[in-house]
Amino acid sequence: MTPTEILKKYWGYSAFRPGQAEIVEAVLAGRDTLALLPTGGGKSICFQVPALALEGVTLVVSPLIALMKDQVRQLRERGIIADAIYSGMRKDDIDRILDNAVYGNTKLLYLSPERLLTELARVRIEKMNVALIAVDEAHCISQWGYDFRPPYLRIAEIRALQPEAPVIAVTATATPEVVQDIQDHLQFGKDRFVYQQSFGRSNLAYVVRRPESKEKQLLQVLEGVPGTSIVYVRSRGLTKEIALSLQRRGISAASYHAGLEPEEKDRRQEAWIKGQLRVIVATNAFGMGIDKPDVRSVIHYGPPDSPEAYFQEAGRGGRDGQLAYAIMLYHPHDGERLRQQFLQSFPEIAEIRRTYRALGSYLQLAVGGGKDVAYDFDITAFVQRFGFEVRTALASLKALERAGHLLLTDAIYQPARLQFIATKEQLYDYQLKNRGLDKLIKSILRTSQGAFLQPVDLQEGALANFLNLPLEDLQRNFRKMASEGIIGYYPTKEAPQLVFLEDRVDPDRLYLDVKQYHFLRDRAQHRIETMIAYVENGAGCRSLNLLRYFGEDPTLDCGICDVCRAKLAAGEEVLTPKKVYADLRARLEQEGDMLLEDLCKNYGAVRAQATKTIVQHLINEGLFILDGRYVRQP
Ligand code: ADP
């Protein structure tokens, strides 16, 4: 099958989007490839389609468990064999999945980076027929990036085990330093392919407002800009509060954050995507992998801590190419809050050491042990026990993570699981003796045939509803049956995992690279200051300011941000593509046909290269005609 046929067969899409086809082609030609596409731009297809086109298994390295699980689920729904391995899974599950990738038909195997490097995985990866190594969220490999994760630095080690397999790295945000780092650290071959478009979004109007009351302003915006909206806020509590206040005013809205039950999250997300819900009020947990083209406004209730995060979140607006608004509601306190948070997020080295020491005693972990072990980790219990402040403790853990000593995952929700341990005959006997449990057992048998062979996932909520039983009673029944040796029962859990990436050392000898620590701190500070400058600087085009941060050298103003609009209203000159077109046309009218070089030369403040790009665009659009070397009007 050709890539297009694969896209059609498994996804039902008739064509690749701009960029995708070139990227897929490069990967299939065996070239190491870096693809920079906007969020929602369809990055996953770029490695999933080649995975199906190639013989063997594709390894996908991905940092976020929730995202990984989501992708695996979607692939399976399309009939593609996919699996995931991450910290916190039981060893026999990991074993089984790795074996399937060696001996079975697994097409895509997702791995969190720290799992990729365990001895358990390495040995098996060596035996696999690896077609391709895909690195999702590839910016995590760079210390210049906003989400540096040390285990990413070791992904290249897998290349030594599978020297034939090409690498594809994908990300939505990268400054020039990060783009370079990705290629260097992943040891890209000479024949590499880098796909990068401009980050510019000509239909997205960036706006900053400094209202007395954010709540009132939010309502005004929602009244003024009809259509679907995302409101980003910084805390779970606020999502609820604001969604409620919108509902009270007759605007259909729901909250969304990482703490919701997975089914509830799906439900709200679906309703919003289908347009049954107008506004979703969310933390930054919302939006990954979502493709809703007609979002008309993305409103921030305050600035996030990096331009990368802002650009990704705001960029969810207007993917259909129609005008959309990225609106920031700003209060000068917000800047101070960001600076305060920043200070707290880089504690003193002594404090980090203290946390490391406490961790050892909390987890009863001896010096010299613990490598690759994952613990359920309850931060609240931890800080209570040692009298730490939550933020400081979290910041210290983060610092230990950035130094490569440990890893704290996002909370992973694992549904309850059940397996019948008794034989079918014993179970039948048991049903006869416990008539009250008969209906329960029957419904499990009906829905989960495999439950005699291996543990199966339970949807306890749905099951309780179906049996018309309170959830607690259902769970009590399961515990009873487990204690009587009829079933194995593993209750739901939702705990972040703490993984030691190195054996535990004596805290006094813990190596912390102070230079690196300071470098990362300075970068974080730079991002925050850039973000604050973005909102506080009312002089230049907002879009230009953002693009410059991403290493672009644009010369034209967007013409639609609040700053450009204010200038236009005041009669000041704003250099927009539209204006350049009008000016160029006027010149053609005055001087008749012109040599392409002459038309592209010396156009005010716009450099020749930029003018050339615009003229080229105008020619492509048929607004100008290129006749030999002369440009004329149609
Ligand atoms: P991201 O770049 O954020 O990882 P995804 O890969 O999750 O984006 O894709 C976003 C959405 O766009 C998904 O729903 C995906 O199925 C859809 N999509 C990707 N490629 C195409 C295509 N060629 N045609 C139509 N829809 C596509």
Side-chain angles (χ1 to χ4, degrees), residues 1-28 33-53 58 60-80 82 84 107-108 110 132 134-140 147 168-174 182 195-199 201 204 228 230 232 265-266 269-275 282 284-295 298 308-321:
M1 268 195 287
T2 65
T4 316
E5 284 164 358
I6 292 176
L7 185 70
K8 178 98 194 105
K9 174 170 175 204
Y10 290 96
W11 281 270
Y13 301 149
S14 49
F16 284 110
R17 288 185 181 154
Q20 284 179 331
E22 287 161 84
I23 294 163
V24 168
E25 190 188 328
V27 172
L28 291 178
T33 300
L34 168 58
L36 275 126
L37 288 174
T39 3
K43 285 183 288 298
S44 325
I45 297 278
C46 295
F47 56 81
Q48 289 168 343
V49 168
L52 294 180
T58 291
V60 186
V61 185
S62 174
L64 293 172
I65 298 171
L67 209 63
M68 193 144 85
K69 284 169 56 166
D70 212 43
Q71 291 215 358
V72 168
R73 191 186 53 169
Q74 289 178 12
L75 287 167
R76 288 190 183 159
E77 281 167 9
R78 300 180 196 285
I80 298 164
K107 285 312 290 178
L108 290 115
Y110 285 73
L132 174 66
V135 182
D136 206 355
E137 310 289 347
H139 56 269
C140 294
D147 191 12
I168 170 170
V170 299
T171 173
T173 55
I182 293 173
Y195 181 87
Q196 181 168 18
Q197 292 167 310
S198 163
F199 282 104
R201 294 285 313 281
L204 195 59
T228 307
I230 310 176
Y232 278 112
K265 273 195 261 191
D266 280 354
Q269 186 171 310
E270 273 305 296
W272 180 79
I273 286 178
K274 287 195 184 130
N284 61 4
F286 181 77
M288 269 179 285
I290 286 178
D291 175 38
K292 184 165 173 60
D294 58 347
V295 178
V298 179
E308 285 94 334
Y310 183 61
F311 181 77
Q312 287 213 53
E313 289 162 10
R316 300 204 164 101
R319 301 228 61 96
D320 55 4

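The residues of the chain are indexed from 1 along the displayed sequence. Whatever order the structure lists them in is the order used to number ligands and atoms, beginning at 1.
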Inset, instruction - Just say parallel, tilted or perpendicular for the rings of Phe199 and Phe311, cut-offs at 30° and 60°. - result: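 Rings of Phe199 and Phe311: perpendicular, as their planes differ by over 60°.
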Evaluate [X] for polar contact with ligand 1, using N/O atom pairs at a separation under 3.5 Å.
{"X": "Lys43", "answer": "yes"}
{"X": "Gly42", "answer": "yes"}
{"X": "Trp11", "answer": "no"}

Inset, instruction - Without swapping roles, check the side chain of Gln312 against the backbone of Ala172 for a donor-acceptor pair under 3.5 Å. - result: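 Judged by distance alone, no pair lies under 3.5 Å.
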For [atom], what's the nearest protein heavy-atom neighbour? Residue, atom name and distance, please.
{"atom": "atom 19 (C) of ligand 1", "value": "Ile45 CG1, 3.6 Å"}
{"atom": "atom 20 (N) of ligand 1", "value": "Gln20 NE2, 2.9 Å"}
{"atom": "atom 13 (C) of ligand 1", "value": "Asp291 CB, 4.1 Å"}
{"atom": "atom 27 (C) of ligand 1", "value": "Tyr13 CE1, 3.1 Å"}
{"atom": "atom 3 (O) of ligand 1", "value": "Gly40 N, 2.6 Å"}
{"atom": "atom 4 (O) of ligand 1", "value": "Ser44 OG, 3.6 Å"}

Inset, instruction - Determine whether the side chain, the backbone, both or neither of Phe16 has a heavy atom under 4.0 Å from any heavy atom of ligand 1. - result: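 Under 4.0 Å from ligand 1, Phe16 contributes backbone atoms alone.
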Legend entry - Side chain, backbone, both or neither: the part of Ala15 lying under 4.0 Å from ligand 1 by heavy atom: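 Within the 4.0 Å criterion, Ala15 contacts ligand 1 through backbone atoms alone.
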Inset, instruction - Consider ligand 1: state whether an atom of it lies below 4.0 angstrom from any non-hydrogen atom of Ser14. - result: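 False for this residue.
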How many angstroms lie between [atom1] in [X] and [atom2] in [Y], if you round to the nearest 0.5 Å?
{"X": "Ile23", "Y": "Glu25", "atom1": "CD1", "atom2": "CD", "result": "11.0 Å"}
{"X": "Thr173", "Y": "Leu37", "atom1": "OG1", "atom2": "CG", "result": "12.0 Å"}
{"X": "Arg316", "Y": "Ile230", "atom1": "CZ", "atom2": "CD1", "result": "6.5 Å"}

With a 3.5 Å cut-off and sequence neighbours excluded, list the donor-acceptor pairs that the side chains of residues 44-51 form with protein atoms.
unit_1: Ser44; atom_1: OG; unit_2: Gln71; atom_2: NE2; d: 3.2
unit_1: Gln48; atom_1: NE2; unit_2: Gln71; atom_2: OE1; d: 3.2
unit_1: Gln48; atom_1: NE2; unit_2: Tyr110; atom_2: OH; d: 3.2

Inset, instruction - Give the atoms of ligand 1, by number and element, whose distance to some non-hydrogen atom of Pro38 is under 4.0 Å. - result: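 Counting from 1, the qualifying ligand atoms are 2 (O).
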Inset, instruction - Test Lys69 against every option in Val72, Ile65, Leu67 by the side chain to side chain contact (heavy atoms under 4.5 Å, CB included) rule and name the one that passes. - result: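 So the option named by the test is Ile65.
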Legend entry - Summary of side chain to side chain donor-acceptor pair (under 3.5 Å) pairs that have at least one residue in residues 8-17, sequence neighbours excluded: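 Only Arg17-Asp291 qualify under side chain to side chain donor-acceptor pair (under 3.5 Å).
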Inset, instruction - May I ask you to say whether Asp266 pairs ionically with Arg73, meaning some side-chain N is under 4.0 Å from a carboxylate O? - result: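 So Asp266 pairs with Arg73 through a salt bridge.
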